[in-house]
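Have a look at the structure below before the remarks.
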Amino acid sequence: MADQKKVEAITAIDVDFTQWYTDVVLKAELIDYFSVKGCMILRPYGYAIWENIQKGLDGMFKATGHENVAMPLFIPESLLQKEKDHVAGFAPEVAWVTQGGSETLTERLCVRPTSETLFCDHYSRVIQSWRDLPKLYNQWVSVVRWEKTTRPFLRTTEFYWQEGHTAHATAEEAKLETRRMLDVYADFFRDFLAIPVVKGLKTENEKFAGAVDTYTIEAMMHDGKALQSATSHYFGDGFARAFDIQYSDRNNQQQYVHQTSWGLSTRSIGAIIMVHGDDSGLVLPPRVAPVQVVIIPIAAHKPGVLEKAQQIQSQLGASFRVKLDSSDKMPGWKFSEYEMKGVPLRLELGPRDLQQNQCVAVRRDNGEKIVLSLDNLTADVQSLLDQVHDGLYRKAQNSLDSRIRSAVGMADFADLIQNKPGFVKAMWCGDGACEQKIKDETGATARCIPFEQETIADTCVCCGRPAQKMVIWGKAY
RNA sequence: CGAGGUGUAGCGCAGUUGGCUAGCGCGCCUGCUUUGGGAGCAGGAUGUCGGGGGUUCAAGUCCCUUCACCUCGACCA
């Protein structure tokens with residue numbers, strides 16, 4: 001009976017993963033659809049996750065010396081067009097404003113799809129001396145990319161993100177920054193989202209428009225597909241030359257700056273959903289969960305129950321994000337509801353517990369029930385939340401490790417991609433033609449050239465010529 | 001952008017060859033009783049039938065048009 005109802009609420013995860021995803025984002029009240037294609041309304045519960053992501057990441061940015069700024073929403077067409085690779089990459093998905101009030105604009109304005117050009121324009125004016133460097137800026141904004149196929153969080157027309165943009169005196173310093181921020185993202189995924197990632201370099205075909213190098217963290221979803229979860233770009237002095245960003249060095253010589261940019265978006269919420277979720281719905285990693293602990297009173301009308309629950313809420317509230325649900329819904333209804341919404345830890349408190357000075361804790365990640373004494377509750381809850389985080393990470397790590405397989409020839413490769421959800425490690429000659437052929441024949445793309453290289457074979461999986469690099473391949477969102 | 005599908009109450013749906021005041025379940029509101037895995041009884045509220053146009057004595061139903069969403073593909077740096 002209970003199972004029946006659950007099945008009605010959320011499609012089973014392994015029956016139809018796509019439908020499961022749609023059910024979860026709606027039923028967990030993360031978003032509401034909007035009347036403009038690809039635009040989503042972030043509801044309080046969904047936005048709270050984003051706020052916690054912002055809080056965690058922003059702290060890491062500040063700790064590495066970055067400052068927040070806010071750039072304009074509009075980019076004049078002439079500004080966008082200064083760097084030709086960049087504009088060519090983004091032109092197909094740019095939204096344009098051509099009218100202001102009742103007047104046609106003399107120059108149309110692009111709604112920012114990313115802000116490299118805005119930062120560059122600004123940097124060209126505020127950087128004069130080596131003393132002005134480095135500039136370590138970041139902004140938390142939304143951007144617009146006119147997408148043809150959209151899905152909540154994974155690919156939306158407008159999405160929220162942060163974009164860091166830095167300018168440095170030397171190429172070496174900029175390269176270090178690029179890698180440093182990639183590490184920040186990977187650490188954030190591990191320590192806050194409990195998601196393991198593969199770090200690596202994007203191929204020429206896959207890199208960002210205008211970048212010299214693009215680094216990425218790739219995560220594996222429940223269905224074995226890859227999600228590009230954050231990227232960090234090294235620009236060399238390409239943008240600096242296009243926008244004339246020069247400084248006087250210590251010898252009074254004019255030099256171009258070397259730049260980076262790096263971003264992480266609301267897509268990361270899609271990663272949380274698709275890595276940790278299960279048949280009961282969302283499973284949230286404790287450190288970004290809007291509600292870390294939900295207290296469910298049992299028989300709340302019985303003397304002392306509600307009072308004790310409130311007391312516990314107040315006590316735990318000093319250390320955690322706690323919700324007490326004292327509504328008159330049935331306890332079973334509440335259990336299902338907060339499981340669907342992914343709350344990491346549930347505390348049940350009923351008359352029987354009161355007598356024994358205890359409560360019952362239930363972990364969302366594995367369903368384990370633990371009886372806790374009320375005497376040491378704060379420490380025990382902290383410990384359990386940490387255990388949930390670790391449990392989620394370990395499970396995701398196992399899932400990732402067990403689904404990365406090796407292929408030496410195209411037949412193996414195609415068979416793995418088609419029949420075994422996950423990533424495939426294979427050697428590559430470095431030729432974009434092989435990369436394209438692999439994509440055409442198997443649907444898999446080069447996710448990245450991982451930092452941790454192995455030699456699986458001496459020859460390219462596609463053409464048989466000498467191999468240059470081991471590449472991680474996979475189908476991607 | 002191509003193929004297919006779907007739009008009727010907050011959600012899920014029914015609505016016959018066009019015919020009277022557009023229904024059902026869940027949810028929602030009020031009251032009482034309940035409470036350790038989605039409670040029970042009683043009473044109650046809620047509709048631009050996605051939008052626009054047309055045919056007709058009469059349109060949720062037929063025609064044209066338009067918009068959105070979903071699935072698959074193409075595209076997507």
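In what follows, every chain begins at residue 1, and chains take the letters A, B, ... in the order their sequences are listed. A quick note: this is a predicted structure, and the numbers were derived from the prediction, not measured.
For the pair A:Asp16 CG and B:rU71 C1', the interatomic distance rounds to 9 Å; values are reported in whole Å. Rounded to whole Å, atom C1' of B:rC76 lies 14 Å from atom CG of A:Leu154. Rounding to whole angstrom units, CZ of residue A:Arg155 and C1' of B:rA77 are separated by 11 Å. Look at CG on A:Asp23: it is 12 Å from C1' on B:rC70, rounded to the nearest Å. For the pair A:Lys475 NZ and B:rC72 P, the computed distance is 12 Å after rounding to whole Å. One interatomic measurement links the two molecules: CZ of A:Arg151 to C1' of B:rG73, which rounds to 15 Å at whole-angstrom precision. Rounded to a whole Å, the CG atom of A:Asp32 is 9 Å from the P atom of B:rC11. Distance A:Glu206 CD to B:rC75 P: 13 Å, rounded to the nearest Å.
Counting non-hydrogen atoms under 4.0 angstrom, A:Glu337 reaches a base of the nucleic acid.
Of the nucleotides present, none pairs with B:rC49 by Watson-Crick or G-U wobble criteria with both distances under 3.5 Å. Remark: B:rG7 base-pairs with B:rC67; criterion is Watson-Crick or G-U wobble with both hydrogen-bond distances under 3.5 Å. Pair assignment for B:rC1: B:rG73, on the basis of Watson-Crick or G-U wobble contacts that are both within less than 3.5 Å. When both distances must be under 3.5 Å, the Watson-Crick or G-U wobble mate of B:rC62 is B:rG54. Across all strands shown, B:rG31 is found opposite B:rC41 as a Watson-Crick or G-U wobble partner, with both distances under 3.5 Å. Across all strands shown, B:rG18 forms no Watson-Crick or G-U wobble pair with both distances under 3.5 Å.
A salt bridge does not link A:Lys334 with A:Glu337: none of the charged nitrogens is closer than 4.0 Å to a carboxylate oxygen. We find that A:Lys82 and A:Asp244 are not joined by a salt bridge, their nearest charged nitrogen and carboxylate oxygen being 4.0 Å or further apart. The existence of a salt bridge linking A:Asp353 and A:Lys308 is excluded, since no basic side-chain nitrogen approaches an acidic carboxylate oxygen closer than 4.0 Å. Under the 4.0 Å criterion applied to side-chain N and carboxylate O atoms, A:Glu218 and A:Lys202 are assigned as salt-bridge partners.
The shortest side-chain heavy-atom distance between A:Phe320 and A:Gln382 falls under the 4.5 Å cut-off.
Distance check on atom C1': B:rU48 versus B:rC29 gives 24 Å, rounded to whole Å. Taking the C1' atom of each, B:rU6 and B:rG12 are spaced 13 Å apart, rounded to whole Å. With P as the reference atom, B:rU71 and B:rU30 are 37 Å apart, rounded to whole Å. Taking atom P in both B:rG27 and B:rA68, one finds a spacing of 34 Å when rounded to whole Å. One P atom belongs to B:rG51, the other to B:rC11, and the distance between them is 14 Å to the nearest Å. For B:rA9 and B:rG60, the C1' atoms lie 14 Å apart once the distance is rounded to whole Å. Going from the P atom of B:rG23 to that of B:rG19 covers 14 Å, rounded to whole Å. Taking atom P on both nucleotides, B:rC62 is separated from B:rG7 by 12 Å, rounded to a whole Å.
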**Request:** Before giving the answer on side-chain contact (heavy atoms from CB on, under 4.5 Å), spell out for A:Phe90 and A:Arg112 the whole-Å C-alpha distance, their side-chain angles and the decisive distance to 0.1 Å.
**Result:** CA-CA 10 Å; A:Phe90 279 99; A:Arg112 65 177 169 220; over 6 Å; no
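Residue A:Thr18 has its side chain nearest to B:rU71 when only B:rU71, B:rG38, B:rG37 are considered. In this structure, of B:rG37, B:rA74, B:rC76, it is B:rA74 that holds the atom nearest to the side chain of A:Lys148.
One cannot find a donor-acceptor pair under 3.5 Å joining the base of B:rA77 and the side-chain atoms of A:Thr214.
Remark on RNA chain B: of its neighbouring residues A:Lys369 and A:Glu204, the 5'-side contact belongs to A:Lys369, judged by nearest-heavy-atom nucleotide. Mapping A:Arg145 and A:Gly38 onto RNA chain B by nearest heavy atom places A:Gly38 closer to the 5' end of the strand.
Between the side chain of A:Arg364 and the backbone N or O of A:Val283, no donor-acceptor pair lies under 3.5 Å. A distance-only check finds no donor-acceptor pair linking the side chain of A:Gln259 to the backbone of A:Phe239 [under 3.5 Å].
Crowding of A:Tyr45 atom OH: a count of heavy atoms from other residues, nucleotides or ligands under 6.0 Å exceeding 12.
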Nucleotide N/O to protein N/O under 3.5 Å, stretch nucleotides 34-36 of chain B:
| from | atom 1 | to | atom 2 | distance (Å) |
| --- | --- | --- | --- | --- |
| B:rU35 | O2' | A:Ala299 | N | 2.8 |
| B:rU35 | O4 | A:His301 | ND1 | 2.7 |
| B:rG36 | N7 | A:Arg352 | NH1 | 3.3 |
| B:rG36 | N7 | A:Arg352 | NH2 | 3.4 |
| B:rG36 | O6 | A:Arg352 | N | 3.2 |
| B:rG36 | O6 | A:Asp353 | N | 3.3 |
| B:rG36 | O6 | A:Asp353 | OD2 | 3.1 |
| B:rG36 | N1 | A:Asp353 | OD2 | 2.5 |
| B:rG36 | N2 | A:Glu348 | OE1 | 2.8 |
| B:rG36 | N3 | A:Glu348 | OE1 | 3.4 |

